[in-house]
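Everything below concerns the one structure shown next.
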Amino acid sequence: MRRLAHILLMLGLAVTLCAAAGDGEWLRKVPAKDRTRPNPYATDPDAPAAGAKIFAEHCAACHGGEAEGKTEGKHIRPNLHSDRLKQATPGELFWLLTNGSQKNGMPSWSRLPDPQRWQLITFLKSLP
Amino acid sequence: MPSFLPIARSLPLLVVVPIFLLPAPLRAQENYFVTYSHELEEPGNLEIEAKSITGAPKGGNPFLATALEFEYGVKTWWTTELYLDAQTTAAESTVFTGFRWENRVRPLLREHWINPILYFEFEDINAADKALLEVVGHDTRSDFLGRNDRSEKERELEFKLILSSNFQGWNVSENIVAEKNLAGDPWEFGYALGASRALALAASATPCTFCRENFALGAEMYGGLGDRHSFGLHDTSHYLGPVVTWNLPRGPSVRLSPNFGLNDNSHGFLFRFMISYEIDQFVSKLKK
């Protein structure tokens, strides 16, 4: 019983140590073939506005109305105007929106159809 | 012929009142009434749903039953939900029929071709419950013929294995249900299947209430599979129906589904309707 408690404690520690919201760790988990996926909506003239609309509906509550990020207590929802996002490929962002970073509090958005996730990425890439 | 009037009178109470109790936004997410997909509530969000069903069983009185649900996202991978069930039956009475407490947990934190969700529920309802949130065992329409009688308690544990896939705008979900009455009845089994798709996959650039992306169309089928001693389809009931969902942007979701009974044990026709609101980041809003 003591041993089990020990193992659970170590596991808990390991989980808290290896993952923290906002550290960009998720980027390392993206498989190579997903990184290079092109965004079919990258040059679609309507995509930034459509993406902004989806963002307001589903993302703003956590990331802020201007995607400026929000921190409440231990909940860190990153600012999306960051260098990390500017450098991330559309494929990496698509992987994140599909899978989420669920341990850290970012949900999976696979319920939004693929075109809407790509429209969101066009919007994110248009952020100053 | 018993009239629907008392039901019409209770409608505001059971369905419309929750709408006015709530401030503004949002939209719900699930696509079905009985079937579950792998969508969980976003952490921190509270969704309030009034899920209703109405029917006029042959040989019984017309009824309207509503389950008021409070669904909270504890973690991205854990949603907990409280249901309060009530029903009104014409020429009989309006009764509170009990509560359910449900938890859904996602064991795999990445998106897969098929995504499993584990579902655990404790319910403390009585035999007058007509919410029909699941059909198991040898449930048949005759269960609805007794007069509103709350004396028989049903304390039950229910487990579901939810399997669900999202691809090309479609959701396809399969649920296997196992229910155990704590009074000692044998395990009962059931199933639910659903498929649905949004009418448009890309979002339009301008705000719109009636554009196709706000509507989802699908179908679901559910029924009993007997119990541990008599597994199978004999003496079971089954239903099939289309489901349409309308997500009002920055507003509630509305869902309708006519259900058709597929054999003599089933009600011929049932009508389900639902309205739901999601309150984003409920706890942090409370703290402010």
Side-chain angles (χ1 to χ4, degrees), chain A residues 15 19 21 26 29-31 34 40-41 44-65 70-77 94-123, chain B residues 25-27 29-31 37-45 73 75-79 106-113 115 164-171 196-208 211 213-214 216 247-251 278-285 287-288:
Chain A
V15 168
W26 62 269
K29 299 175 185 149
V30 185
D34 289 295
Y41 284 80
D44 182 301
D46 285 343
K53 201 173 86 174
I54 309 167
F55 188 88
E57 183 97 343
H58 297 289
C59 321
C62 283
H63 288 285
K70 268 190 187 177
T71 300
E72 277 162 13
K74 58 182 172 44
H75 296 294
I76 301 166
R77 280 80 185 251
F94 191 81
W95 182 91
L96 176 71
L97 293 189
T98 305
N99 291 281
S101 178
Q102 298 191 37
K103 221 162 31 186
N104 287 348
M106 164 73 177
S108 149
W109 295 96
S110 72
R111 69 184 161 96
L112 297 177
D114 291 20
Q116 294 193 24
R117 271 175 276 150
W118 289 119
Q119 288 175 317
L120 270 168
I121 289 163
T122 309
F123 163 72
Chain B
L26 273 156
R27 71 247 95 70
Q29 12 175 298
E30 291 131 22
N31 303 310
S37 72
H38 68 297
E39 260 168 52
L40 297 181
E41 194 57 50
E42 284 112 59
N45 287 10
K75 298 276 178 196
T76 49
W77 46 267
W78 174 20
T79 293
R106 176 179 181 140
L108 304 178
L109 295 187
R110 298 259 176 90
E111 191 69 11
H112 297 273
W113 177 228
N115 301 281
S164 156
S165 315
N166 286 335
F167 59 93
Q168 303 198 346
W170 282 92
N171 172 267
S196 87
R197 185 186 185 273
L199 293 190
L201 300 187
S204 50
T206 47
C208 52
C211 43
E213 83 235 30
N214 295 340
N247 296 309
L248 281 90
R250 318 244 90 222
E278 191 168 327
I279 306 173
D280 275 344
Q281 300 306 303
F282 175 70
V283 174
S284 29
K285 274 192 186 136
K287 282 188 192 147
K288 270 178 201 153

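In what follows, chains are A, B, ... by sequence order, proteins preceding strands, each numbered from 1. For the numbers below, each heavy atom of this structure counts, side chains included, while hydrogens, waters and symmetry mates do not.
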Requested in this report: Before giving the answer on side chain to side chain donor-acceptor pair (under 3.5 Å), spell out for B/Asn171 and B/Asn166 the whole-Å C-alpha distance, their side-chain angles and the decisive distance to 0.1 Å.
Outcome: CA-CA 5 Å; B/Asn171 172 267; B/Asn166 286 335; 2.8 Å; yes
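- A disulfide bridge does not connect A/Cys59 to A/Cys62: their SG atoms sit 2.5 Å or farther from one another.
- For the set B/His38, B/Glu213, B/Arg106, the count of heavy-atom pairs under 4.5 angstrom toward chain A peaks at B/Arg106.
- Chain B forms the most heavy-atom pairs under 4.5 Å with one residue out of A/Pro115, A/Pro107, A/Ser110, and that residue is A/Ser110.
- Note: A/Trp95 and A/Trp26 have parallel aromatic rings, judged against thresholds of 30 and 60 degrees for the angle between ring planes.
- A parallel orientation is assigned to the rings of A/Phe94 and A/Trp118, their planes being inclined by less than 30° (bins at 30° and 60°).
- Your options are B/Pro207, B/Gly169, B/Pro249, B/Ser204, and the one with the most heavy-atom pairs under 4.5 Å with chain A is B/Ser204.
- Heavy atoms of B/Thr206 lying under 4.5 Å from chain A belong exclusively to its backbone.
- Between the side chain of A/Gln102 and the backbone N or O of B/Arg110, no donor-acceptor pair lies under 3.5 Å.
- A/Gln116 touches chain B through backbone and side chain together, each having a heavy atom under 4.5 Å away.
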